[in-house]
Amino acid sequence: MGSTKKKMTSTNRRLRDRSRLSFFFVIFFFGLFSVIIIMENFMPDTDKNSLKDDNEDGEEPYTNSDISYEETLDQEGLLPSGNTDPKAKGSKNSSNNGHTASTQKPRIIPIQPDWQPVTGTKEKFYVYSAYYNHLFDHVKIIGATRTKTQQRVKCRFYDNDTRVYHTVDGTVRTIRENWNLKYSACFIICYSGDKKRRPRYVSILPSTASTTTPASNILRIQYASEKSDRLVDFSVCVKPIHFNYDNLLPLLEWIEFHRLMGVEHFTFYNSTIGPKVSCLIEHYGEEIIEILPWTLPFVSQKEIRTEGLFVALNDCVYRHRGASKYLILVDFDEMIVPRKTHNYTQLIDQLDTLSNKKKIGAYSIQNAFFYLQWPDDQKGFTIPGNPLAEQVTKHLLSLRKTRRRARLHPHKQRSKYICDPEKVVEAGNHFVWEMATGYYTLSVPPHLAALHHYRVCEFGGDQCTKNPSVIDKSSHIFAQALAIRVAEKLQQLSTKCHIDISQLFYSKPSSRSVV
Ligand SMILES: *[C@@H]1O[C@H](CO)[C@@H](O)[C@H](O)[C@H]1NC(C)=O
Ligand SMILES: *[C@@H]1O[C@H](CO)[C@@H](O)[C@H](O)[C@H]1NC(C)=O
Ligand SMILES: *[C@@H]1O[C@H](CO)[C@@H](O)[C@H](O)[C@H]1NC(C)=O
Ligand SMILES: *[C@@H]1O[C@H](CO)[C@@H](O)[C@H](O)[C@H]1NC(C)=O
């Protein structure tokens, strides 16, 4: 009896201890979770603050125009074979030995913002740019590789003195729009892990690389928080310029139309550009037109879609985070024309009343073909006291070409969009493939704005001109203002770029005004 009682009390005691222990555990984990939650909530803020503080410490903020700069690099397995700079070759000895030759002088290596190879990977692999995302504390690298890829890579992070401090695995994800070609644009996501140390550069290496493997590429990481203080309202991005594009007057019209609409900044990619257009771009200056090198290491249309445009479009979206409120992704033969308002600021204000504006990430605008084969609108415009501008009105595409296909294409088919770059995760040519959680694309009603698309038949020949058509003069409300701007620029360019204005008017506009 007594022993049974003893057993029972000892069992009770054990039970009691256990429940006390569980209680303790509950309290412990509750505390732990609270700490985690508190940290999650406050870390992004402290992170942001620390970025700001760094800026105030006088570190040169990275600006869009900062496209060719030099950085001091030390010897830790950095660069490269494959880099064009002969000075870079000096790193061979130290990296082969596998130790840091700290006695060697730091080298100056220009970091070109252009395509750079990732050597040693299974498939052809190139990278173009790198962007920090403070929400997820990761770096997104934009590049291109095999469409159906299962490659694994490493991301090597460097601090501001280009000392290697961290290497992590990176996840490669090809973007959705690839047209069944062998190579496509891709993102590489690398979590930087250490919130206190802000990575300044990153290299992508094959997963087999060791700590002494030299990197064949190095990208400066761009921070939205380091862009200029003032957000530009509207910027335009255009896919890489190729075919030695040199169509001066149509481009001038296109640029000045956009400036009239309130666009302040343009981002272009230079694949091949003709001399007159190059001169025009330089004339505007980098404050207005940012031109980025684009030495694409893939065969356009055979290996990768149109000059790797999806790399450029996505690069442009991330590049403009923290720099532009709205981004417009169009080609040189396209203009988004508002029909009830006088500029894009007013258009956006109008569109924002249609829906919950806080949830709009992009505005989709339907395509309207104005086929170039259709005859010109004969009427010019009178501009008293400005004969050049008056003459210009007879030559501007948007004023001459007023016949359009009656039926507009539905949204997502040849449509283009205006977006908030912060809200776009993956950009496509005609619509946003992936939007930040909680945001959507507003389908703009065609009576408020349409995409005027000036080109020849999309499938060749003249068959397209048999489609039902209507006369649409909605662009004529800008006629005088646009012609005056174009005439003024033409006068400036004629001396600077040696352009014979009368020659411009006599030469028949090329049917290939498509970029
Ligand atoms: C590399 O090593 C070779 C032979 O050991 C030497 O002649 C050369 O100067 C070294 N180069 C550098 C950059 O250290
Ligand atoms: C690098 O960053 C540290 C602080 O993070 C700063 O003290 C140092 O001056 C920076 N060096 C350069 C070269 O900007
Ligand atoms: C847009 O048009 C309105 C009305 O004409 C004008 O007040 C405003 O300044 C314009 N905005 C820009 C950026 O041109
Ligand atoms: C585009 O690149 C070519 C070749 O590198 C160069 O000659 C030309 O000046 C560039 N144009 C502009 C506007 O940067």
Side-chain angles (χ1 to χ4, degrees), residues 64-69 84-85 110 112-116 128 230-248 250-252 254-297 300 307-309 312 315-316 319 323-328 332 335-353 363 418 420 448-449 474-482 484-485 488-489 492-493 496-499 515:
N64 280 345
S65 57
D66 190 8
I67 59 172
S68 73
Y69 42 82
T84 47
D85 184 32
Q112 292 288 337
D114 200 345
W115 287 88
Q116 295 182 55
Y128 189 76
R230 189 181 77 90
L231 273 180
V232 159
D233 280 337
F234 294 95
S235 291
V236 177
C237 297
V238 181
K239 72 182 182 206
I241 305 174
H242 61 303
F243 291 147
N244 282 307
Y245 180 78
D246 213 18
N247 235 337
L248 187 95
L251 181 59
L252 196 51
W254 181 93
I255 291 171
E256 288 305 321
F257 168 79
H258 282 98
R259 279 159 58 87
L260 195 58
M261 291 298 107
V263 171
E264 292 172 71
H265 186 272
F266 301 83
T267 298
F268 297 161
Y269 298 86
N270 181 355
S271 184
T272 57
I273 303 181
K276 282 183 282 179
V277 164
S278 262
C279 184
L280 175 147
I281 290 171
E282 279 155 23
H283 167 77
Y284 277 99
E286 59 189 22
E287 283 291 303
I288 296 173
I289 303 181
E290 169 189 35
I291 177 103
L292 299 163
W294 195 259
T295 319
L296 185 73
S300 179
E307 301 296 314
L309 85 160
D315 172 72
C316 210
R319 188 172 293 273
S324 301
K325 236 159 125 180
Y326 296 102
L327 208 55
I328 299 148
F332 286 158
M335 302 172 180
I336 293 170
V337 179
R339 282 156 187 256
K340 297 273 196 297
T341 49
H342 291 97
N343 53 42
Y344 289 160
T345 309
Q346 288 182 318
L347 175 66
I348 294 292
D349 286 347
Q350 185 183 39
L351 297 175
D352 282 348
T353 63
Y363 306 81
I418 301 175
D420 173 352
L448 297 182
S474 47
S475 62
H476 280 189
I477 48 171
F478 312 114
Q480 274 93 348
L482 182 60
I484 289 166
R485 282 169 164 267
E488 191 189 329
K489 281 285 166 201
Q492 292 167 7
L493 290 173
K496 189 167 187 275
C497 301
H498 314 290
I499 287 157
V515 181

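Both counts, for ligands and for their atoms, begin at 1 and track the order of listing. Just so it is clear, the values below take in all heavy atoms, side chains as well, and ignore hydrogens, waters and symmetry mates.
- For atom 13 (C) of ligand 4, the closest heavy atom belonging to the protein is S278 OG, 3.5 Å.
- Exactly one residue among I273, T272, V277 makes a side chain to side chain contact (heavy atoms under 4.5 Å, CB included) with N244. That residue is T272.
- Distances from atom 3 (C) of ligand 3 to the heavy atoms of Q346, M261, R259, E264 put Q346 nearest.
- Here the closest non-hydrogen pair linking C497 and L280 is SG-N, 4.0 Å.
- Counting only heavy atoms from C-beta outward, the side chains of Y245 and L251 approach each other to under 4.5 Å.
- Protein heavy atom closest to atom 12 (C) of ligand 4, with residue, atom name and distance, is N270 ND2, 3.4 Å.
- Closest to atom 6 (C) of ligand 3, if we only count protein heavy atoms, is N343 ND2, 4.2 Å.
- Protein non-hydrogen atoms do not reach within 4.0 Å of atom 9 (O) of ligand 3.
- Of all atoms in ligand 3, listed by their number and element, those nearer than 4.0 Å to a heavy atom of T345 are 13 (C).
- Between F266 and the choices W254, F234, Y284, the ring-ring contact (aromatic ring centres under 6.0 Å, His included) rule is met once, by W254.
- Exactly one of I336, L448, D352 qualifies for a side chain to side chain contact (heavy atoms under 4.5 Å, CB included) with Y363. That residue is D352.
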